[in-house]
Amino acid sequence: MTGQRREETIARTGRIGERIMGRLDGRVALVTGGGRGIGRAIALEMARDGATIVVSARTQAQLESVVAEARAIGSDGLAVVADVMEADQARAPVHAAIERYGRLDILVNNAGGSVGTGHDPFAYEDYAFTGTLILNLTSAYWTTTAALPHMREAGYGRVINIGSGYAKRSGGGLAYTTAKHGLIGFTRAIAANAAPYGITVNCLCPGWTNTVLVDWERIGEGRGVSAAEARSASEAESLQNRILEPEELGPMAALLAAPESAGITGQVISVDGGYKV
């Protein structure tokens, strides 16, 4: 994030580096894909609200950086290297959180993206479709089902699935759009099953967000335009005519994780600048 963009984001969100309140004090939060981008921003927002964070991803250095920043603002953290494409590894951070801290209160299923390049339904590659489903949907099933028994025993739990603007409409790649639509159904089904045990389950959907996964050069090539034209066209898809920063997802995620959000479950909530309203 550029200095100017960061200052603009702080002006909108009121978020700065230090802890600002303690509504998540005593809670343990696991964020998958927590080494960078939206996952990193959500993990650090929860740390500022007092949560102990567990972050998982494939890159140790990125995870350690997040944990170090969390500790610098007064919260503990644990880095767990794991690949959510494998069932045992996807579940491993859940077990690590419980082993280290004796509890897991909040699960953010943030890991996602696309596998492969064959996303043309007229000339498709099976591994790209099935791999993308695993990365975005099946991995959330693995982590959530590992966490739910512990949340039920505690009588408290917050599961937040990170969707997409394409979770509610078409426009993305076939597999990615399918997986994110499936994540909404998964959210609602688990919410219905978990509600009697004090567990809420919601889906938080970003729109265009400034992360390394958004490659304007590649997007422009796919559209037959320049990177600048691709970005401008994407900005125009939202009411605010801009690309959001990852930090703007943090406050809503922290709210959904907090005790006062007990009445919010089975919902699909967008933080996207008014994407395709």
Side-chain angles (χ1 to χ4, degrees), residues 30-40 42 56-58 82-91 93-94 107-148 159-194 201-209 211-215 218-219 222 234 237 244 246 249 252-253 256 265-272 275-276:
L30 164 60
V31 182
T32 70
R36 63 185 184 184
I38 291 172
R40 178 190 180 97
I42 289 174
S56 69
R58 293 179 297 177
D83 184 349
V84 297
M85 297 293 288
E86 301 291 336
D88 288 345
Q89 290 194 49
R91 295 181 176 117
V94 173
L107 170 63
V108 182
N109 288 310
N110 169 72
S114 293
V115 174
T117 58
H119 296 275
D120 177 357
F122 295 97
Y124 216 77
E125 298 170 344
D126 287 346
Y127 88 93
F129 186 83
T130 57
T132 300
L133 289 183
I134 291 171
L135 177 57
N136 294 277
L137 180 57
T138 308
S139 67
Y141 162 79
W142 287 330
T143 54
T144 302
T145 53
L148 283 177
V159 179
I160 304 168
N161 299 315
I162 303 302
S164 167
Y166 295 136
K168 298 180 290 183
R169 53 185 61 84
S170 64
L174 173 60
Y176 184 78
T177 301
T178 300
K180 292 300 188 182
H181 273 71
L183 198 60
I184 289 180
F186 175 76
T187 296
R188 290 171 172 160
I190 296 293
N193 284 276
V201 188
N202 293 287
C203 186
L204 177 57
C205 292
W208 288 109
T209 307
T211 73
V212 296
L213 295 180
V214 179
D215 183 340
R218 178 182 57 80
I219 293 170
S234 297
E237 291 179 342
L244 270 66
L249 277 293
M252 179 57 71
L256 293 174
T265 195
Q267 301 304 305
V268 182
I269 299 170
S270 296
V271 178
D272 57 13
Y275 176 70
K276 290 188 174 180

Checklist entry - Stepwise, does the side chain to side chain contact (heavy atoms under 4.5 Å, CB included) test hold for Leu148 with Ile190? => result CA-CA 10 Å; Leu148 283 177; Ile190 296 293; 4.0 Å; yes
Next on the checklist: Among residues at least two apart in sequence or on other chains, which ones pass side chain to side chain contact (heavy atoms under 4.5 Å, CB included) with Asp272?
Outcome noted: Ser270, Tyr275
Next on the checklist: Please find the pair of heavy atoms, one from Gly113 and one from Tyr176, that lie closest to each other, and give the distance.
Outcome noted: O-CD1, 3.5 Å
Item to check | Non-neighbouring partners of Ala57 that pass side chain to side chain contact (heavy atoms under 4.5 Å, CB included), sequence neighbours left out | outcome: Leu63
Item to check | Partners meeting side-chain hydrogen bond (donor to acceptor under 3.5 Å, both in side chains) with Gln89 (sequence neighbours left out) | outcome: none
Checklist entry - Closest approach of Ala147 and Leu107, non-hydrogen atoms and distance? => result CB-CD2, 4.2 Å
Checklist entry - Is any side-chain heavy atom of Thr138 less than 4.5 Å from a side-chain heavy atom of Phe186? => result no
Next on the checklist: Going by the rule side-chain hydrogen bond (donor to acceptor under 3.5 Å, both in side chains), which residues pair with Thr209 if we only count those two or more places apart in sequence or in a different chain?
Outcome noted: none
Next on the checklist: Tell me every residue that passes side-chain hydrogen bond (donor to acceptor under 3.5 Å, both in side chains) with Asn161, counting only those two or more places apart in sequence or in another chain.
Outcome noted: Asn109, Thr187
Next on the checklist: Pair Leu213, Arg36 - check side chain to side chain contact (heavy atoms under 4.5 Å, CB included), show working.
Outcome noted: CA-CA 10 Å; Leu213 295 180; Arg36 63 185 184 184; 3.5 Å; yes
Item to check | Heavy-atom pair of closest approach, residues Arg169 and Lys276 | outcome: CD-CD, 3.6 Å
Checklist entry - Between Leu183 and Asn136, is any pair of side-chain heavy atoms under 4.5 Å apart? => result no
Checklist entry - How would you list, by chain and number, every residue that makes a side chain to side chain contact (heavy atoms under 4.5 Å, CB included) with Asp215, sequence neighbours excluded? => result Glu217, Arg218
Item to check | Verdict with supporting geometry, Arg40 and Val31, side chain to side chain contact (heavy atoms under 4.5 Å, CB included) | outcome: CA-CA 8 Å; Arg40 178 190 180 97; Val31 182; over 6 Å; no
Checklist entry - Taking only residues two or more places apart in sequence, or in another chain, which ones meet Leu135 in a side chain to side chain contact (heavy atoms under 4.5 Å, CB included)? => result Val84, Met85, Val115
Item to check | Any Ser139 side-chain heavy atom under 4.5 Å of Thr32 side chain | outcome: no
Next on the checklist: Under the rule for side-chain hydrogen bond (donor to acceptor under 3.5 Å, both in side chains), what residues qualify as partners of Trp208, not counting sequence neighbours?
Outcome noted: Glu237
Item to check | Note, Phe129 side chain near Thr178 side chain (heavy atom, < 4.5 Å) | outcome: yes
Checklist entry - How about Thr143 and Pro93: do any of their side-chain heavy atoms sit closer than 4.5 Å? => result no
